[in-house]
Every structure is written in C-alpha cells, then in structure tokens.
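Let me begin by presenting the structure, written as structure tokens, before commenting on it.
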Amino acid sequence: MTCAHCVNGVSEKLSALPGVASVVVNLDLGQSSKVNVRSVAPLNLSQVAEAMDAAGYQLVGKS
C-alpha cells in the first residue's frame with residue numbers, strides 16, 4: 001500500500017465482512033503494511049483473503 005486511498009480501500013472491504021468490529025491499517029511505505037482486524041466472532045480466513053484480493057492486495061500471513 002502506498003497511500004491513504006489504499007488504506008481506505010482495504011479497510012472498507014474488510015469492514016464489510018460479517019462480525020468485523022474494527023480495522024486498523026499501519027501503512028509502511030516500501031514494506032509490507034500490517035492490518036489488524038478485530039471481530040466479535042471468528043473470521044473465515046478465506047473470506048479475509050478474498051476481501052484483501054478484492055481491494056487489490058494479497059494476504060501474506062496472520063498472527
């Protein structure tokens with residue numbers, strides 16, 4: 001991600017997933033940016049990956 005527009009796109013796609021309470025994107029230019037998602041229930045990892053793909057990015061790991 002390179003700008004606030006990118007951050008907003010990712011946040012919008014992830015926030016639309018059922019159960020998502022908040023999304024925080026830590027933009028790190030030139031590196032892999034980090035996205036923290038809080039939910040009220042467990043999330044389906046494939047749905048998260050699909051949302052990231054729809055925003056134009058790839059899910060590379062989870063913690």
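Counting from 1, the numbers follow the sequence of the chain as shown.
A single hydrophobic cluster is not seen to contain both Val60 and Met52; linkage of ILVMFWY side chains at heavy-atom distances under 4.5 Å, directly or through other members, places them apart.
Nearest heavy atom pair, residue Ser32 against residue Asp28, reads O-CB, 4.2 Å.
Side-chain contact between Val48 and Val37 is absent, with no heavy-atom pair separated by less than 4.5 Å.
Note that OG of Ser33 is 8.0 Å distant from OH of Tyr57, once rounded to the nearest 0.5 Å.
Contacts of Asn44 classified as side chain to side chain donor-acceptor pair (under 3.5 Å), with partners at least two apart in sequence or in another chain: Ser46.
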When the side chains of residues 7-27 are checked against the rest of the protein, which donor-acceptor pairs come out under 3.5 Å, sequence neighbours left out?
unit_1	atom_1	unit_2	atom_2	d
Asn8	ND2	Ala4	O	3.4
Ser11	OG	Val7	O	3.0
Ser15	OG	Ser11	O	2.7

